[in-house]
2 protein chains.
Amino acid sequence: MDTIEGKFRDYLKAKGLKFTPERELILETMFSFHGHFDIEQLYDKLHKKNHLLSMATIYRTLPYLINSGLIKEVFRCQNRPQYEKNFGLPHHDHLICVRCGRIIEFKEEEIERLQERVCKRFGFKTVEHRLGIRGYCKNCLQKIKNS
Amino acid sequence: MDTIEGKFRDYLKAKGLKFTPERELILETMFSFHGHFDIEQLYDKLHKKNHLLSMATIYRTLPYLINSGLIKEVFRCQNRPQYEKNFGLPHHDHLICVRCGRIIEFKEEEIERLQERVCKRFGFKTVEHRLGIRGYCKNCLQKIKNS
DNA sequence: TTCTTATTGCGACTAATTCTCAATTGCAAT
DNA sequence: ATTGCAATTGAGAATTAGTCGCAATAAGAA
(Lines give C-alpha, C1' and ligand atoms only; values in the text may rest on other atoms or scores of the structure.)
Protein backbone atom coordinates (compact mmCIF):
# COMPACT_ATOMS: atom_id res chain seq x y z
CA MET A 1 0.00 0.00 0.00
CA ASP A 2 1.21 3.44 -0.86
CA THR A 3 -0.96 5.67 1.28
CA ILE A 4 -0.02 6.70 4.78
CA GLU A 5 -2.81 4.65 6.29
CA GLY A 6 -1.81 1.72 4.12
CA LYS A 7 1.73 1.87 5.38
CA PHE A 8 0.54 1.93 8.97
CA ARG A 9 -1.81 -1.00 8.39
CA ASP A 10 1.01 -2.99 6.82
CA TYR A 11 3.32 -2.24 9.71
CA LEU A 12 0.73 -3.26 12.28
CA LYS A 13 -0.22 -6.44 10.48
CA ALA A 14 3.42 -7.47 10.18
CA LYS A 15 3.69 -7.19 13.96
CA GLY A 16 0.43 -8.98 14.67
CA LEU A 17 -1.16 -5.75 15.90
CA LYS A 18 -4.57 -4.31 15.12
CA PHE A 19 -5.69 -1.30 13.16
CA THR A 20 -8.25 0.31 15.49
CA PRO A 21 -10.36 3.45 15.09
CA GLU A 22 -8.28 5.05 17.85
CA ARG A 23 -5.06 4.43 15.96
CA GLU A 24 -6.61 5.72 12.78
CA LEU A 25 -7.63 8.97 14.50
CA ILE A 26 -4.21 9.46 16.03
CA LEU A 27 -2.50 8.93 12.69
CA GLU A 28 -4.89 11.26 10.89
CA THR A 29 -4.60 13.99 13.50
CA MET A 30 -0.81 13.84 13.62
CA PHE A 31 -0.71 14.30 9.86
CA SER A 32 -3.08 17.27 10.09
CA PHE A 33 -0.37 19.35 11.81
CA HIS A 34 1.64 21.42 9.38
CA GLY A 35 4.81 21.57 11.43
CA HIS A 36 5.90 19.91 14.65
CA PHE A 37 3.62 19.21 17.58
CA ASP A 38 3.87 17.73 21.05
CA ILE A 39 1.69 15.18 22.83
CA GLU A 40 -0.39 17.80 24.59
CA GLN A 41 -1.22 19.62 21.37
CA LEU A 42 -2.20 16.35 19.81
CA TYR A 43 -4.39 15.46 22.76
CA ASP A 44 -6.09 18.88 22.66
CA LYS A 45 -6.75 18.69 18.94
CA LEU A 46 -8.30 15.25 19.29
CA HIS A 47 -10.50 16.36 22.18
CA LYS A 48 -11.64 19.55 20.46
CA LYS A 49 -13.02 17.34 17.73
CA ASN A 50 -14.72 15.25 20.40
CA HIS A 51 -12.46 12.32 19.88
CA LEU A 52 -12.13 11.44 23.51
CA LEU A 53 -9.28 9.03 23.55
CA SER A 54 -7.01 8.75 26.53
CA MET A 55 -3.41 9.81 26.94
CA ALA A 56 -2.47 6.20 27.52
CA THR A 57 -3.67 5.30 24.04
CA ILE A 58 -1.68 8.14 22.51
CA TYR A 59 1.47 7.11 24.36
CA ARG A 60 0.92 3.49 23.41
CA THR A 61 0.44 4.28 19.74
CA LEU A 62 3.34 6.68 19.40
CA PRO A 63 6.15 4.11 19.27
CA TYR A 64 4.37 2.20 16.52
CA LEU A 65 4.18 5.34 14.44
CA ILE A 66 7.81 6.12 15.06
CA ASN A 67 9.02 2.59 14.37
CA SER A 68 7.00 2.40 11.20
CA GLY A 69 8.87 5.49 10.03
CA LEU A 70 5.74 7.63 9.61
CA ILE A 71 6.45 10.01 12.48
CA LYS A 72 9.72 11.15 13.99
CA GLU A 73 10.84 13.01 17.07
CA VAL A 74 12.63 16.12 15.88
CA PHE A 75 13.84 17.94 18.98
CA ARG A 76 12.89 18.93 22.51
CA CYS A 77 11.60 22.22 23.76
CA GLN A 78 11.35 22.78 27.53
CA ASN A 79 12.08 19.10 27.87
CA ARG A 80 9.02 18.16 25.83
CA PRO A 81 9.71 16.12 22.73
CA GLN A 82 8.33 17.53 19.50
CA TYR A 83 7.17 15.26 16.70
CA GLU A 84 6.68 15.69 13.01
CA LYS A 85 5.37 13.71 10.10
CA ASN A 86 8.10 11.86 8.29
CA PHE A 87 6.51 11.11 4.97
CA GLY A 88 6.43 13.00 1.73
CA LEU A 89 8.59 15.76 3.16
CA PRO A 90 12.31 16.02 2.49
CA HIS A 91 14.54 15.65 5.51
CA HIS A 92 15.53 18.86 7.22
CA ASP A 93 17.29 19.98 10.38
CA HIS A 94 16.66 22.71 12.94
CA LEU A 95 18.11 25.88 14.39
CA ILE A 96 16.56 26.41 17.83
CA CYS A 97 16.70 29.83 19.47
CA VAL A 98 17.41 29.41 23.16
CA ARG A 99 16.00 32.86 23.92
CA CYS A 100 12.67 33.07 22.08
CA GLY A 101 12.12 29.44 21.12
CA ARG A 102 11.91 30.21 17.41
CA ILE A 103 12.60 27.23 15.17
CA ILE A 104 14.27 27.63 11.79
CA GLU A 105 14.26 24.67 9.46
CA PHE A 106 17.02 24.17 6.96
CA LYS A 107 18.12 21.65 4.45
CA GLU A 108 21.73 21.02 3.49
CA GLU A 109 22.22 18.15 1.08
CA GLU A 110 25.96 18.17 1.53
CA ILE A 111 25.67 17.49 5.27
CA GLU A 112 23.39 14.52 4.54
CA ARG A 113 25.93 13.16 2.10
CA LEU A 114 28.79 13.50 4.56
CA GLN A 115 26.73 11.73 7.22
CA GLU A 116 26.18 8.80 4.91
CA ARG A 117 29.91 8.68 4.24
CA VAL A 118 30.63 8.48 7.97
CA CYS A 119 28.10 5.67 8.37
CA LYS A 120 29.63 3.73 5.52
CA ARG A 121 33.03 4.11 7.18
CA PHE A 122 31.72 2.37 10.33
CA GLY A 123 29.49 -0.15 8.59
CA PHE A 124 26.53 1.53 10.28
CA LYS A 125 22.98 1.44 8.92
CA THR A 126 21.04 4.64 9.68
CA VAL A 127 17.49 4.47 10.94
CA GLU A 128 17.14 8.13 11.83
CA HIS A 129 19.36 11.11 12.29
CA ARG A 130 18.92 14.46 13.90
CA LEU A 131 20.95 17.63 13.84
CA GLY A 132 19.95 20.41 16.18
CA ILE A 133 21.79 23.68 16.57
CA ARG A 134 20.96 25.77 19.62
CA GLY A 135 21.85 29.41 19.81
CA TYR A 136 20.52 32.92 19.28
CA CYS A 137 18.43 33.93 16.29
CA LYS A 138 18.95 37.17 14.38
CA ASN A 139 16.13 39.00 16.21
CA CYS A 140 17.36 38.02 19.63
CA LEU A 141 20.93 38.98 18.84
CA GLN A 142 19.62 42.42 17.89
CA LYS A 143 17.60 42.72 21.08
CA ILE A 144 20.55 41.66 23.20
CA LYS A 145 22.73 44.25 21.51
CA ASN A 146 20.16 47.01 22.21
CA SER A 147 19.90 46.30 25.93
CA MET B 1 43.07 30.41 35.33
CA ASP B 2 43.77 27.62 32.91
CA THR B 3 42.82 24.54 34.88
CA ILE B 4 39.34 23.09 34.87
CA GLU B 5 38.77 24.03 38.48
CA GLY B 6 40.11 27.48 37.74
CA LYS B 7 37.65 27.96 34.93
CA PHE B 8 34.79 26.87 37.14
CA ARG B 9 35.88 29.21 39.97
CA ASP B 10 36.09 32.09 37.51
CA TYR B 11 32.64 31.35 36.13
CA LEU B 12 31.10 31.17 39.62
CA LYS B 13 32.82 34.30 40.83
CA ALA B 14 31.63 36.24 37.77
CA LYS B 15 28.07 35.27 38.69
CA GLY B 16 28.42 36.02 42.40
CA LEU B 17 28.22 32.32 43.23
CA LYS B 18 30.34 30.29 45.61
CA PHE B 19 32.84 27.54 45.05
CA THR B 20 31.80 24.91 47.62
CA PRO B 21 33.26 21.49 48.45
CA GLU B 22 30.12 19.93 46.97
CA ARG B 23 30.63 21.68 43.66
CA GLU B 24 34.27 20.75 43.65
CA LEU B 25 33.40 17.07 44.14
CA ILE B 26 30.80 17.13 41.40
CA LEU B 27 33.20 18.72 38.95
CA GLU B 28 35.99 16.32 39.84
CA THR B 29 33.76 13.27 39.59
CA MET B 30 32.26 14.29 36.29
CA PHE B 31 35.73 14.66 34.84
CA SER B 32 36.72 11.23 36.16
CA PHE B 33 34.38 9.57 33.65
CA HIS B 34 36.11 8.60 30.46
CA GLY B 35 33.09 8.79 28.22
CA HIS B 36 29.55 9.94 28.79
CA PHE B 37 27.56 9.45 31.98
CA ASP B 38 24.10 10.18 33.30
CA ILE B 39 22.98 11.73 36.57
CA GLU B 40 22.40 8.40 38.24
CA GLN B 41 25.88 7.12 37.40
CA LEU B 42 27.32 10.32 38.76
CA TYR B 43 25.29 10.02 41.96
CA ASP B 44 26.37 6.39 42.43
CA LYS B 45 30.03 7.18 41.87
CA LEU B 46 29.90 9.98 44.42
CA HIS B 47 28.14 7.80 46.98
CA LYS B 48 30.51 4.86 46.50
CA LYS B 49 33.29 7.20 47.53
CA ASN B 50 31.20 8.20 50.55
CA HIS B 51 30.57 11.64 49.22
CA LEU B 52 26.98 11.80 50.35
CA LEU B 53 25.64 14.77 48.54
CA SER B 54 22.02 14.99 47.54
CA MET B 55 20.44 14.76 44.11
CA ALA B 56 19.16 18.30 44.51
CA THR B 57 22.72 19.58 44.75
CA ILE B 58 23.72 17.68 41.63
CA TYR B 59 20.76 19.03 39.69
CA ARG B 60 21.45 22.53 40.96
CA THR B 61 25.09 22.41 39.98
CA LEU B 62 24.61 20.90 36.55
CA PRO B 63 23.42 24.05 34.75
CA TYR B 64 26.42 25.99 36.05
CA LEU B 65 28.74 23.39 34.60
CA ILE B 66 26.91 23.42 31.31
CA ASN B 67 26.72 27.20 31.08
CA SER B 68 30.38 27.53 31.91
CA GLY B 69 31.09 25.30 28.93
CA LEU B 70 32.86 22.59 30.95
CA ILE B 71 30.19 19.92 30.52
CA LYS B 72 27.71 19.30 27.75
CA GLU B 73 24.68 17.15 27.17
CA VAL B 74 25.45 14.87 24.26
CA PHE B 75 22.39 12.73 23.64
CA ARG B 76 19.63 10.80 25.34
CA CYS B 77 19.38 7.11 25.96
CA GLN B 78 16.14 5.62 27.29
CA ASN B 79 14.98 9.17 27.77
CA ARG B 80 17.85 9.97 30.11
CA PRO B 81 20.23 12.71 29.07
CA GLN B 82 23.89 11.74 28.86
CA TYR B 83 26.62 14.22 29.68
CA GLU B 84 30.25 14.48 28.77
CA LYS B 85 33.23 16.68 29.62
CA ASN B 86 33.67 19.48 27.15
CA PHE B 87 37.23 20.55 27.75
CA GLY B 88 40.44 19.46 26.16
CA LEU B 89 38.54 17.20 23.80
CA PRO B 90 37.74 18.16 20.22
CA HIS B 91 34.06 18.30 19.30
CA HIS B 92 32.62 15.06 18.03
CA ASP B 93 29.26 13.52 17.18
CA HIS B 94 27.66 10.13 17.83
CA LEU B 95 26.37 7.03 16.12
CA ILE B 96 23.97 5.31 18.51
CA CYS B 97 23.08 1.66 17.93
CA VAL B 98 19.37 1.17 18.60
CA ARG B 99 19.86 -2.56 19.15
CA CYS B 100 22.85 -2.90 21.51
CA GLY B 101 23.24 0.67 22.72
CA ARG B 102 26.82 0.94 21.49
CA ILE B 103 28.04 4.49 20.96
CA ILE B 104 30.52 5.34 18.24
CA GLU B 105 32.12 8.78 18.29
CA PHE B 106 33.21 10.46 15.10
CA LYS B 107 34.58 13.75 13.97
CA GLU B 108 33.93 15.30 10.58
CA GLU B 109 35.39 18.76 10.14
CA GLU B 110 33.53 19.32 6.92
CA ILE B 111 30.15 18.88 8.61
CA GLU B 112 31.13 21.45 11.22
CA ARG B 113 32.11 23.88 8.51
CA LEU B 114 28.84 23.42 6.66
CA GLN B 115 26.90 23.97 9.87
CA GLU B 116 28.64 27.27 10.42
CA ARG B 117 27.79 28.27 6.88
CA VAL B 118 24.10 27.56 7.48
CA CYS B 119 24.17 29.63 10.67
CA LYS B 120 25.79 32.53 8.90
CA ARG B 121 23.07 32.35 6.26
CA PHE B 122 20.38 32.87 8.93
CA GLY B 123 22.33 35.32 11.10
CA PHE B 124 22.25 32.71 13.86
CA LYS B 125 24.84 32.51 16.65
CA THR B 126 25.52 28.93 17.78
CA VAL B 127 25.71 28.08 21.44
CA GLU B 128 25.77 24.32 21.03
CA HIS B 129 25.08 21.80 18.33
CA ARG B 130 24.44 18.12 18.36
CA LEU B 131 24.28 15.50 15.67
CA GLY B 132 23.06 12.04 16.57
CA ILE B 133 22.60 9.22 14.11
CA ARG B 134 20.55 6.25 15.28
CA GLY B 135 20.71 2.93 13.53
CA TYR B 136 22.34 -0.49 13.56
CA CYS B 137 26.04 -1.00 14.17
CA LYS B 138 28.16 -3.44 12.19
CA ASN B 139 27.94 -6.20 14.82
CA CYS B 140 24.18 -5.97 15.10
CA LEU B 141 23.70 -5.98 11.33
CA GLN B 142 25.71 -9.19 11.25
CA LYS B 143 23.64 -10.74 14.02
CA ILE B 144 20.38 -9.78 12.35
CA LYS B 145 21.56 -11.32 9.10
CA ASN B 146 22.41 -14.59 10.87
CA SER B 147 19.03 -14.96 12.51
C1' DT C 1 35.90 38.21 63.01
C1' DT C 2 31.64 39.65 61.28
C1' DC C 3 27.88 39.79 58.19
C1' DT C 4 25.45 39.12 54.10
C1' DT C 5 23.99 36.05 50.87
C1' DA C 6 24.36 31.75 48.56
C1' DT C 7 24.14 26.86 49.51
C1' DT C 8 22.90 22.65 51.56
C1' DG C 9 19.94 18.33 52.57
C1' DC C 10 15.59 16.83 53.21
C1' DG C 11 11.28 15.72 51.94
C1' DA C 12 7.27 17.39 49.62
C1' DC C 13 5.83 18.42 45.10
C1' DT C 14 5.11 18.42 39.95
C1' DA C 15 4.50 16.87 35.40
C1' DA C 16 5.36 13.43 32.00
C1' DT C 17 5.05 8.86 31.04
C1' DT C 18 4.06 3.94 32.14
C1' DC C 19 1.49 0.37 34.27
C1' DT C 20 -2.55 -2.46 35.92
C1' DC C 21 -6.79 -4.40 35.20
C1' DA C 22 -11.34 -5.37 33.86
C1' DA C 23 -14.23 -4.65 29.95
C1' DT C 24 -14.21 -4.44 24.92
C1' DT C 25 -13.20 -5.35 20.12
C1' DG C 26 -10.51 -6.66 15.73
C1' DC C 27 -9.97 -10.17 12.94
C1' DA C 28 -8.56 -14.97 11.63
C1' DA C 29 -10.42 -19.35 11.62
C1' DT C 30 -14.34 -21.80 11.62
C1' DA D 1 -22.24 -15.16 10.13
C1' DT D 2 -20.27 -16.79 14.50
C1' DT D 3 -16.80 -17.81 17.63
C1' DG D 4 -12.64 -17.40 20.33
C1' DC D 5 -8.62 -15.42 21.52
C1' DA D 6 -5.26 -12.14 21.74
C1' DA D 7 -4.71 -7.24 21.35
C1' DT D 8 -6.69 -2.87 22.82
C1' DT D 9 -9.10 0.37 25.46
C1' DG D 10 -9.97 3.99 29.35
C1' DA D 11 -9.45 5.15 34.04
C1' DG D 12 -6.82 5.94 37.48
C1' DA D 13 -2.88 4.37 40.26
C1' DA D 14 2.10 4.10 40.13
C1' DT D 15 6.50 5.51 38.78
C1' DT D 16 10.12 8.56 37.54
C1' DA D 17 13.07 12.49 36.62
C1' DG D 18 13.52 16.77 38.02
C1' DT D 19 12.17 21.05 40.94
C1' DC D 20 10.95 23.64 45.03
C1' DG D 21 10.50 25.50 49.89
C1' DC D 22 12.56 25.80 54.09
C1' DA D 23 15.48 25.97 58.07
C1' DA D 24 20.25 25.31 59.16
C1' DT D 25 24.95 26.11 57.49
C1' DA D 26 29.01 28.09 55.38
C1' DA D 27 31.63 31.00 51.67
C1' DG D 28 34.07 34.79 51.26
C1' DA D 29 34.16 40.03 51.08
C1' DA D 30 34.89 43.75 54.16
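These numbers come from a predicted model, not from an experiment. All heavy atoms count here, side chains included; hydrogens, waters and symmetry mates do not.
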May I ask you to evaluate whether [X] reaches the phosphate of [N], defined as a side-chain N or O under 4.0 Å from OP1 or OP2?
X	N	value
Tyr59(A)	dT18(C)	no
Arg60(A)	dT8(D)	no
Arg23(B)	dT8(C)	yes
Thr20(A)	dT9(D)	yes

Can you tell me how far [atom2] of [N] sits from [atom1] of [X], to the nearest Å?
X	N	atom1	atom2	value
Tyr43(B)	dA17(D)	OH	C1'	14 Å
Phe19(A)	dA28(C)	CZ	C1'	18 Å
Met55(A)	dT15(D)	CE	C1'	17 Å
Ile26(B)	dT8(C)	CD1	C1'	11 Å
Arg9(A)	dA28(C)	CZ	C1'	15 Å
Leu17(B)	dA29(D)	CG	P	12 Å
Glu22(B)	dA24(D)	CD	C1'	13 Å
Leu25(A)	dG26(C)	CG	P	13 Å

Taking the minimum atom-to-atom distance to the side chain of Pro21(A), which one of dT7(C), dT8(D), dG26(C) wins? dG26(C)

Side chain of Lys18(A): nearest nucleotide among dA27(D), dA16(C), dA6(D)? dA6(D)

Side-chain H-bond candidate by donor/acceptor type, Glu108(B) with His92(B), under 3.5 Å: no

Just by distance, with hydrogens left out, do Lys45(B) and Ser32(B) show a side-chain donor and acceptor under 3.5 Å apart? yes

In this structure, is the centre-to-centre distance between the rings of Phe75(B) and His36(B) below 6.0 Å? yes

When all nucleic acid strands are considered with a 4.0 Å heavy-atom cut-off, which category describes Pro63(B): base, sugar-phosphate, or nothing? nothing

Cys119(A) and Leu95(B) have their tightest heavy-atom pair at SG-CD2, 4.1 Å

Report the residue (Asn79(B) or Ile58(A)) whose heavy-atom-nearest nucleotide on DNA chain D is the more 5′ of the two. Ile58(A)

Exam field: side chain His47(A) to backbone Leu53(A), donor-acceptor pair closer than 3.5 Å: yes

